[in-house]
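Read through the structure below, which is laid out as C-alpha cells, and then see the notes.
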Amino acid sequence: MPLKPGKSQSTISSNIGEMINSGHPRDQAIAAALSTARQASAMGGQANAAKIYSGAIHSPVAGRTDHLPMHVASGSYVIPADIISAMGEGNTMAGFKVAKSIFRPSGVTEKATGGPVSSVPIVAAGGEYVIHPEDVVSLGGGSLDEGHKVLDDFVKQMRAKTVKTLKNLPGPKKD
C-alpha cells in the first residue's frame, strides 16, 4: 500500500487512515505517515526527489513487520521476507545473495537519487527484497504486468515448496 507523498495535514491523515485500514497498528501508521511527510518536506514537497531504493532491505529490528518507510521506483516488485529466507534455506542473508544473483542485472545500482523514474512511497519490512521495474519488465518479456504475474507465481511456488519441505521434516527428538 503506497503512501501519498505530501506534508499537508489532510495527506498525513489520509495516510494514517490508509495504514490503519490495512491492518497496521495506530502508532505504526502515525510514525510512517509523519516520516513520509518529513521526507516530502525535506525535498520541498517533491516525492520524486527522494532516494529510490531497490535490492535487499536490511533492518536491525527483530521480526518482519512493515516499519521502514522508503521510496521505490513505480512498478517495482517487493519479494516477501519469508520467500527470501526460504531461498536461503532459512537464512535471510543467504537468501539475499540468491536473490541478487537472480534479480540484479549489471548496471542497476542499489540506491539512486531522483531521475526520470517516478517513485512511490511504501512501508517495507526488513528481510524483503525490492526488484527494480527494469528487472520486472525483463522477467515479463517486455511487459511490466507480465513480469508481476511471473513474480507472483514464483512467490506462490516458493511458498508451496517451503510448506512441503517443512511438512516432511522429522519432529523434535525425544529423550
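Please read these numbers as outputs of a predicted model, since none were measured by experiment.
- The closest donor-acceptor contact from the side chain of Ser85 to the backbone of Ala81 lies at 3.5 Å or more, if one exists at all.
- Summarising the geometry, atom CZ belonging to Phe154 is positioned 9.5 Å from atom CG belonging to Leu139; distances are rounded to the nearest 0.5 Å.
- Linking ILVMFWY residues whenever their side-chain heavy atoms come closer than 4.5 Å, directly or via other members, places Ile83 and Val136 in the same cluster.
- One hydrophobic cluster, built from ILVMFWY side chains closer than 4.5 Å, cannot hold both Val123 and Ile16; they sit in different ones.
- Here the CD-OG1 distance, from Glu128 to Thr92, works out to 11.0 Å after rounding to the nearest 0.5 Å.
- Between Val120 and Ser76, the closest side-chain pair of non-hydrogen atoms is not below 4.5 Å.
- Annotation: the span from Thr11 atom OG1 to Glu18 atom CD amounts to 13.0 Å, rounded to 0.5 Å.
- When every heavy atom of Ile102 is checked against every heavy atom of Met87, the shortest pair comes out as CD1-CE, 3.9 Å.
- Note: Arg26 CZ to Ile30 CD1 = 3.5 Å, rounded to the nearest 0.5 Å.
- Shortest non-hydrogen contact noted between Leu144 and Pro133 is CD1-O, 4.2 Å.
- Remark: the backbone N or O of Lys161 is paired with a side-chain donor or acceptor of Thr165 at under 3.5 angstrom.
- Across every non-hydrogen atom of Gly126 and Ser59, the tightest pair is CA-CB, 3.6 Å.
- Taking CG from Asn15 and CG from Leu34, the interatomic distance works out to 9.5 Å, rounded to the nearest 0.5 Å.
- Considering only heavy atoms from C-beta on, Phe103 stays 4.5 Å or farther from His132 through its side chain.
- How far CD1 of Ile57 is from CG of Leu68: 7.0 Å, rounded to the nearest 0.5 Å.
- Nearest approach of Tyr77 to Val155, heavy atoms of both residues: OH-CG2, 3.6 Å.
- Nearest heavy-atom pair across Ile52 and Ala73 is CG2-N, 3.2 Å.
- With hydrogens and angles ignored, the 3.5 Å screen pairs no side-chain donor or acceptor of Ser35 with any backbone N or O of Ala31.
- When every heavy atom of His148 is checked against every heavy atom of Gly75, the shortest pair comes out as NE2-O, 2.9 Å.
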